[in-house]
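Below you'll find the structure, written out as structure tokens, and then a few comments.
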Amino acid sequence: MATQDYYHVTSRYRCMDCVNMLDSDLYVSICGIENCSSGHKFGPCRRADYHIHFILGGRGTLRIENQTWHLSAGQIFVLPENQEVEYQADHDEPWQYAWITVGGSNALPCLKAAGFEDSWLRECNCNPNCFVELIDKILGSTELTLVNELKRNSCMHEILALLVETKCAKKEIRHEFSPDLYVQYAVQFIHLNYSHIRVNDIANYIGINRSYLTTIFKNKLNVSPQEYLVSYRLNKGKQLLCTTDLSIQEIAASVGYDNPLTFSKMFKNAYGKSPRHFRQESSPETGTQS
């Protein structure tokens, strides 16, 4: 836990500084909100950790090593670790920005996932006040308590998650896991919830669209998700017919069919006989149905 905290408030500047948690994989060390004065300049210098700036208004200039950019409201820039940086507010329209500084071994992978892999700047792609609200929460949790440290870390993770989520202006379809893993999770979800779900529920649960779910199911299992769900329901119904005295209506309801006639029709299509005839043939008096 940090051992020192400073919270500064003036007419144009708010900032919280805390001692870096060098033994953490990911930590927040500094954050703030500032209305810069005309021509306000920082650097040139090299800084530890990664300083993420959200430009709320105005304009300014950023230089990282030998590259220079002219930036304005709605853009985000990062001051990279241990590179020479210099940035300055415009003289006529000085910028206002909020920032947060993160460090640790997981900081760079998170920033790369958020779109800072080939460049240290990007568009915000959302209302920048979403980030300001989270930074404001950190600034409101400055006392050195475990509760506040957890709150600050929670806000930091939410900021990074929002950065990753808004990486592209248009929602990007990303499949971050293998088809095998998606199918495994979908099958597990079906086995646990078959009596009350639809295919859209399966797709939404694992975070992919229905079309892609259908494609990977057919590739891996040679059936569609709907066919697999129906087959699993009917197989559960068949087991109940053989092992319980529940009525056909009760069995139908327990495997996801409100209408017993629909269950009977689906069952007959799958097994060539009605549930009643199947039960009769499976009774001890008539032998066991395979």
Side-chain angles (χ1 to χ4, degrees), residues 7-18 26-43 47 49-64 67-81 85-103 107-142 151-172 174:
Y7 181 46
H8 308 290
V9 181
T10 70
S11 60
R12 64 179 183 85
Y13 175 74
R14 291 196 298 161
C15 176
M16 184 195 73
D17 304 300
C18 66
L26 188 61
Y27 58 83
V28 54
S29 59
I30 307 171
C31 70
I33 303 169
E34 183 168 5
N35 296 322
C36 294
S37 57
S38 176
H40 174 73
K41 181 179 178 182
F42 190 93
R47 308 192 68 174
D49 299 333
Y50 297 90
H51 301 253
I52 310 167
H53 289 66
F54 306 93
I55 305 175
L56 309 177
R59 296 181 295 158
T61 302
L62 167 69
R63 180 180 66 82
I64 301 177
Q67 287 188 289
T68 300
W69 298 270
H70 299 282
L71 306 178
S72 58
Q75 294 183 292
I76 305 171
F77 67 90
V78 175
L79 306 181
E81 185 179 46
V85 299
E86 181 179 8
Y87 53 107
Q88 183 173 12
D90 185 77
H91 287 279
D92 297 323
E93 296 180 53
W95 53 15
Q96 306 92 48
Y97 50 63
W99 82 90
I100 182 170
T101 300
V102 298
L108 183 57
C110 287
L111 289 172
K112 286 183 176 180
F116 297 103
E117 186 165 13
D118 299 318
S119 175
W120 292 113
L121 62 107
R122 51 160 271 198
E123 298 299 318
C124 194
N125 297 328
C126 70
N127 187 335
N129 285 327
C130 295
F131 297 101
V132 176
E133 289 172 5
L134 291 166
I135 290 173
D136 220 20
K137 286 183 180 181
I138 298 176
L139 293 170
S141 304
T142 59
K151 286 181 178 180
R152 291 193 294 265
N153 287 332
S154 174
C155 289
M156 172 194 65
H157 283 92
E158 196 168 346
I159 288 170
L160 292 171
L162 185 56
L163 280 170
V164 174
E165 188 177 36
T166 59
K167 175 180 178 180
C168 298
K170 294 182 178 179
K171 189 172 181 180
E172 183 183 54
R174 292 184 306 233

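Quick caveat, the model's predicted, so the values are computed rather than measured.
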Nearest 0.5 Å, what's the [atom1]-[atom2] distance between [X] and [Y]?
| X | Y | atom1 | atom2 | result |
| --- | --- | --- | --- | --- |
| I30 | T101 | CD1 | OG1 | 4.5 Å |
| Q75 | L56 | CD | CG | 12.5 Å |
| C126 | L162 | SG | CG | 4.5 Å |
| S38 | Q88 | OG | CD | 8.5 Å |
| C130 | E158 | SG | CD | 9.5 Å |

*Determine, step by step, whether L26 and L160 satisfy the side-chain contact (heavy atoms from CB on, under 4.5 Å) criterion, reporting the C-alpha distance in whole Å, the side-chain angles of both residues, the deciding distance to 0.1 Å, and the verdict.*
CA-CA 11 Å; L26 188 61; L160 292 171; 3.7 Å; yes
Is there a side-chain contact between [X] and [Y], using heavy atoms and a 4.5 Å cut-off?
| X | Y | value |
| --- | --- | --- |
| L121 | I76 | no |
| V102 | Y27 | no |
| I64 | L62 | yes |
| W99 | E34 | yes |
| F131 | I100 | no |
| L71 | T61 | no |
| V85 | P80 | yes |
| I135 | I159 | yes |

Going by the rule side-chain hydrogen bond (donor to acceptor under 3.5 Å, both in side chains), which residues pair with [X] if we only count those two or more places apart in sequence or in a different chain?
| X | value |
| --- | --- |
| Q96 | none |
| K112 | none |
| S72 | none |

Partner set under side chain to side chain contact (heavy atoms under 4.5 Å, CB included) for [X], not counting sequence neighbours:
| X | result |
| --- | --- |
| P94 | A89 |
| S154 | none |
| A114 | F116, R122, L163, V164 |

What closest approach, in Å, do [X] and [Y] show between heavy atoms, and which atom pair accounts for it?
| X | Y | value |
| --- | --- | --- |
| V28 | M156 | N-SD, 3.4 Å |
| K167 | A113 | CD-O, 3.4 Å |
| D49 | G103 | OD1-CA, 3.7 Å |

*Do any N or O atoms from the side chain of H157 and from the backbone of N153 form a donor-acceptor pair under 3.5 angstrom?*
yes
*Tell me the salt bridge (charged side-chain N to carboxylate O under 4.0 Å, His left out) pairs involving residues 123-134, sequence neighbours left out?*
none
_Summary of salt bridge (charged side-chain N to carboxylate O under 4.0 Å, His left out) pairs that have at least one residue in residues 86-98, sequence neighbours excluded_ = K41-E86, R59-D90, R59-E93, R63-E86
*Go through the structure and list residues passing ring pair (Phe, Tyr, Trp, His ring centres under 6.0 Å) with Y87, not counting sequence neighbours.*
F42, H53, F77
*Trace of the side-chain contact (heavy atoms from CB on, under 4.5 Å) decision for Y50 with L111*: CA-CA 9 Å; Y50 297 90; L111 289 172; 3.6 Å; yes
